[in-house]
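Proteins get letters first, then strands, A, B, ... in listed order; numbering begins at 1 in each. Both backbone and side-chain heavy atoms feed into the values below; hydrogens, waters and symmetry mates do not.
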Amino acid sequence: MKTEFIPLDFDYFDFEGRNYAKIIGRDKTGKRACVIDSCPVYFWAVLKEKTSEKQIHKLQEKILKIKLDLKGRKSCVEKVEVCNKRFLGKEVKALKIFGTNYKDLHDIAEQLGEPEIEKRRGYDLGFVTHYIIEKDFTPLNWYEIEGDLLNNSFEFGGIDSSIETDSCIKLNSKKKIEKTEFTPRVIAFDIETDSLQIGEGEILMISLVGENFQKVITWKKSANFPFVEYVKDEASLLERFVEIVKEQAPDFLTGYFSDNFDLPYLKARADKNRVKLSLGLDGSQPKFSRGIMTTSKVDGIVHIDLLRFIQTAYSQYMQSETMSLNEVAGEFLGDAKKKFEFKHSSKIKEDEWEKYFEYNLQDSILTYNLFNKFWPDLLEFTKTMQEPIFNVSRNGMSANVEDYIVHNLKRFDEIPEKHPTYDEIAERKNRERYEGAFVLQPSPGIYENLAIFDFTSYWPSIIVTYNLSKSTILEKKEKNCLEVDINGKKVYFSKELGFFPQMLKEIIEKRKQYKKELAEKFDIIKKARSNAFKLLANASYGYQGFFGARYHCAEASAATTSLSRDHIKNIISKIDQEGYKTLYSDTDSIAFLLNKKTQEQAKQFLKKLNSELPGIMEIDLEDFYKRGIWVTKRTGEFGAKKKYALIDDKGKMKIRGFETVRRDWCKLARETQNNILKMVLEDGNEKRAVELIKEVVKKVKARKFDVKMMSVRTQLKKPISEYKSLTPHVVAAQKMLERQVPMDPGSSIEYYIAETPDKKKLVRDKVKLIDEQGEYNIEYYLKNQILPAVENIFQVFNVNTTELLEGKKQMTLGEF
DNA sequence: GAAGTGGATATACC
DNA sequence: ACTGGTATATCCACTTC
């Protein structure tokens, strides 16, 4: 039979000792289909340079005899081919060793201790990745496929009857086609429970939302609401949930924090109630991976935890201070979560149930809308990395970079490098830290007429221009190579473009092209693709420095930063020589005074600078600014780095590093500082700001502010038990635990510093949770929040804040 | 017991 | 363990006098 098919979920199974890919997707009629396929499995033995033909032949014979009987499976080497390949850029002779089962390749590789064999590679990709590469059958692209329809057949142990798809096809051939239309069927879900600890409480209700479908199932309260369905008990609730998912037959099941909360909770309650949560198309229950981060997998239906994806792809560009569904939806959908102040449990008043149902439904609606909002990104990320969307949606950026590399090696005829072993990781982590970027110490003050230049894609442009990577580093100096001094030690890189810099170059070029096309005509898919390439480029430098990377190369990272320091210092001196005055610089950007020169002159000067840069390196005009302020560090007289505020002609501010942008300061301190920066930057003097701070202090003393303005939010970075020092936020976390609220790494805690009857000295002794009765500690908020936030700003104008507020002396002598 | 200092901790910048 | 290094600032924990 022939049809069109889009692969969504990739899995595999073993049958008679061999591996078969099991791919779930949709056909052209929108029906769910399962495609079964196989591919040769093999790994590589890279041979030493001087191995003779005779030795190779002998080796082949010997390897062909390898047989294994492990884990109840008979496996053997089925074929050995001699190939000319590349490994880390070098031409090599390698044996392509075919086995029976992918999972046995590692064991076969371990038996190859022959001296002629330099390295064994390509057995650690996992069957699914290997299959995608081998067959070039990539996720979320349309294919024209031809195969045998399995209908009540005995092939593969009767898999077609055990899997709930409309068809099951044994693949014979496939061809990629130019078709993009695909609207995924999505069900978003959310649960409400009595306790926040997994499985500890009862599940009170579950909401499900799809296209033209909204429902809340509950067993707690029979009610007459149009979207609420009542069932008799918790077990029925779980069974009904499974039933609805089956009826709706979604491609994607999506939740928010559902990897770590909703699905594990559902499974735990199903176990307790002795019912099966058979969500999988093969009838299986969700499977959970162990590790720091739980991942929850449902067979055949792709479970997407949107929080995980948003965190890696978007959090660095977000304004939201927490990753709560409420805030994230607010930012991306402009849609705030319904606000309910009641406790999330069954212990609520009779008339509050309706609100609770609405609330539960609303969470699924938001999740559903967020999924659609991020669908273009999920799609393009997946197509770019060429790994299953289940993985891509959970990957960090280093894994994304690695997936991109691994799926693009074929073009370079490269044998994949292996994943580092446990010992190698330990060794890499132990290495000395290499020197990073250059940051110029600013002189505190307020300045007028500024410009900022910055290098575009600084790290990647250096890696590409200078060809820095694991595959281009040289063991010793060669003719016409690059020499970089790293802390007195010389490192050399070849000038023959390596595959990693080459890939990176393509990524940057593609990104540039999409950006240009986007400027001409907006296209949501192109925008997502451009973003995927941007993130890939940005993460490439960190990837090479990352200890867990297959293509880790600390020397390349150290060379990248070393060259970055040379370049930025060089540009700074050119700027100053030209008659401008550099004020500040951090990594890839330079802020300087125009002095008497015009903006047009600066633009012309930029062109000149660019003409002198090597390779793909480029400087851009970030913007012009009317005014800017740099302050001193709180300890010492020097200008603080990474802390400044700017304002442009339109009154738009750019604030970096100040408490205003720090989540771990109270709202009042942040807002006050923000207002003061605004006044000072708008006016060029401190007069209005002085009046404001006096007013704020007066109001703090008179307790005019709500305690909400005083709350401090801090994140827990590790399990509470691992903290060596008992800081205020740890004390707050302990208080949360007493309330049975789980406190895991990543949880954030909101607390304030309260007045205490006895004269306790430590801040932590005054910690109260945000909803705890009490009054804010006036002295603490003045001395430790408000004043520290504004002191350095006033100091620029020679105003001593302490004296100002104690009313002793308003101005220091310097003022006159 | 106050004062000074280094370590632990969180968060931001690029 | 799940990208890198640079930097500021707070509060605790400890030492010193």
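If you take OH of A:Tyr543 and P of C:dA1, they are 18 Å apart, rounded to a whole angstrom. What separates CG of A:Leu787 from P of C:dT10 is a distance of 12 Å, to the nearest Å. Distance, A:Ile452 CD1 to B:dC13 P: 13 Å, rounded to whole Å. Regarding A:Asn538, its CG atom lies at a distance of 17 Å from the P atom of C:dG5, rounded to whole Å. Atom CD1 of A:Ile720 is separated from atom C1' of B:dT9 by 15 Å (rounded to the nearest Å). Distance A:Lys534 NZ to B:dC14 C1': 13 Å, rounded to the nearest Å. With rounding to whole Å, A:Glu722 atom CD is found 11 Å from B:dA10 atom P. Residue A:Ile655 contributes atom CD1, which lies 13 Å from atom P of B:dC14 at whole-angstrom precision.
More than 12 heavy atoms of other residues, nucleotides or ligands shown are found within 6.0 angstrom of NZ on A:Lys287.
Proximity of A:Lys642 to the phosphate of B:dC13: no side-chain N or O atom is located under 4.0 Å from OP1 or OP2. Listed pair A:Tyr644 / B:dC14 meets the phosphate criterion, a side-chain N or O lying under 4.0 Å from OP1 or OP2. For the OP1/OP2 pair of C:dC11 and a distance below 4.0 Å, the side-chain nitrogens and oxygens of A:Tyr780 include at least one atom meeting the criterion. Taking only side-chain nitrogens and oxygens, A:Gln715 comes nearer than 4.0 Å to OP1 or OP2 of B:dT11. Distances shorter than 4.0 Å separate none of the side-chain N or O atoms of A:Ser725 from OP1 or OP2 on B:dA8. A sub-4.0 Å separation between OP1 or OP2 of B:dA10 and a side-chain N or O of A:His729 is present. Within the 4.0 Å cut-off from OP1 or OP2 of C:dG5, at least one side-chain nitrogen or oxygen of A:Arg433 is found. Under 4.0 angstrom from either OP1 or OP2 of C:dT3 there lies no side-chain N or O belonging to A:Asn400. In this model, the phosphate group of C:dC11 is not approached by any side-chain N or O of A:Lys761 to a distance below 4.0 Å at OP1 or OP2. In terms of phosphate contacts, A:Tyr584 brings no side-chain nitrogen or oxygen within less than 4.0 Å of OP1 or OP2 of B:dC13.
Taking the six-membered ring where the residue is Trp, A:Tyr466 and A:His567 present tilted rings, their angle falling between 30° and 60°.
The pair A:Arg529-A:Glu380 counts as a salt bridge, with a side-chain nitrogen and a carboxylate oxygen less than 4.0 angstrom apart.
Outside the 6.0 Å centre-distance limit, the rings of A:Tyr447 and A:Tyr644 are not counted as a close aromatic pair. Checked against the 6.0 Å centroid threshold, A:His419 and A:Tyr123 do not count as a close aromatic pair. Two rings, from A:Tyr776 and A:Tyr752, have their centers 6.0 Å or more apart.
At a threshold of 4.0 angstrom between heavy atoms, the contacts of A:Phe547 are confined to the sugar-phosphate backbone, with no base atom among them. Within 4.0 Å (heavy atoms only), A:Tyr434 reaches sugar-phosphate atoms of the nucleic acid but no base atom. Among the heavy atoms of the strands, none lies under 4.0 Å from A:Tyr458. As judged by a 4.0 angstrom heavy-atom cut-off over every strand, A:Gly657 is placed among residues touching the sugar-phosphate backbone only. Counting any heavy atom pair closer than 4.0 Å across all strands shown, A:Gln544 reaches no nucleic acid atom. No contact: A:Ser557 has no heavy atom under 4.0 Å from any strand. Counting any heavy atom pair closer than 4.0 Å across all strands shown, A:Ala539 reaches a base atom. When heavy atoms are screened at a 4.0 angstrom cut-off, A:Arg431 is found touching the sugar-phosphate backbone but no base atom. Among the protein residues, A:Gly436 comes within range of the sugar-phosphate backbone only, with heavy atoms under 4.0 Å from sugar or phosphate atoms but none that close to a base.
No N or O donor and acceptor, one from the side chain of A:Arg663 and one from the base of B:dT11, sit under 3.5 Å apart.
Closest to the side chain of A:Arg662, from the set C:dT8, C:dT3, C:dG4, is C:dT8. Considering only side-chain atoms of A:Lys643, the nucleotide from C:dT8, C:dC12, B:dT9 that sits closest is C:dT8. Listed nucleotides: C:dT6, C:dG4, C:dC12. Nearest to the side chain of A:Arg764: C:dC12. Between C:dC11, C:dG5, C:dT3, one nucleotide has an atom nearer to the side chain of A:Asn784 than all others, and that is C:dC11. Of all nucleotides listed (C:dA13, B:dT9, B:dT11), B:dT9 comes nearest to the side chain of A:Lys724. Considering only the side chain of A:Arg656, B:dC14 comes nearest among B:dC14, C:dT10, C:dG5. Closest to the side chain of A:Phe546, out of C:dC2, C:dG5, C:dT8, is C:dC2. Candidate nucleotides C:dA7, C:dC11, C:dT3 were compared by shortest atom distance to the side chain of A:Lys641, and C:dA7 ranks first. Out of C:dT8, B:dC14, C:dA7, the shortest distance to the side chain of A:Asp588 is found at B:dC14. In the set B:dC14, B:dA10, C:dA1, the nucleotide with an atom closest to the side chain of A:Asp586 is B:dC14.
The closest side-chain donor-acceptor pair between A:Gln544 and A:Tyr551, if any, does not fall under 3.5 angstrom. A donor atom on one side chain and an acceptor atom on the other are found under 3.5 Å apart for A:Thr322 and A:Ser324.
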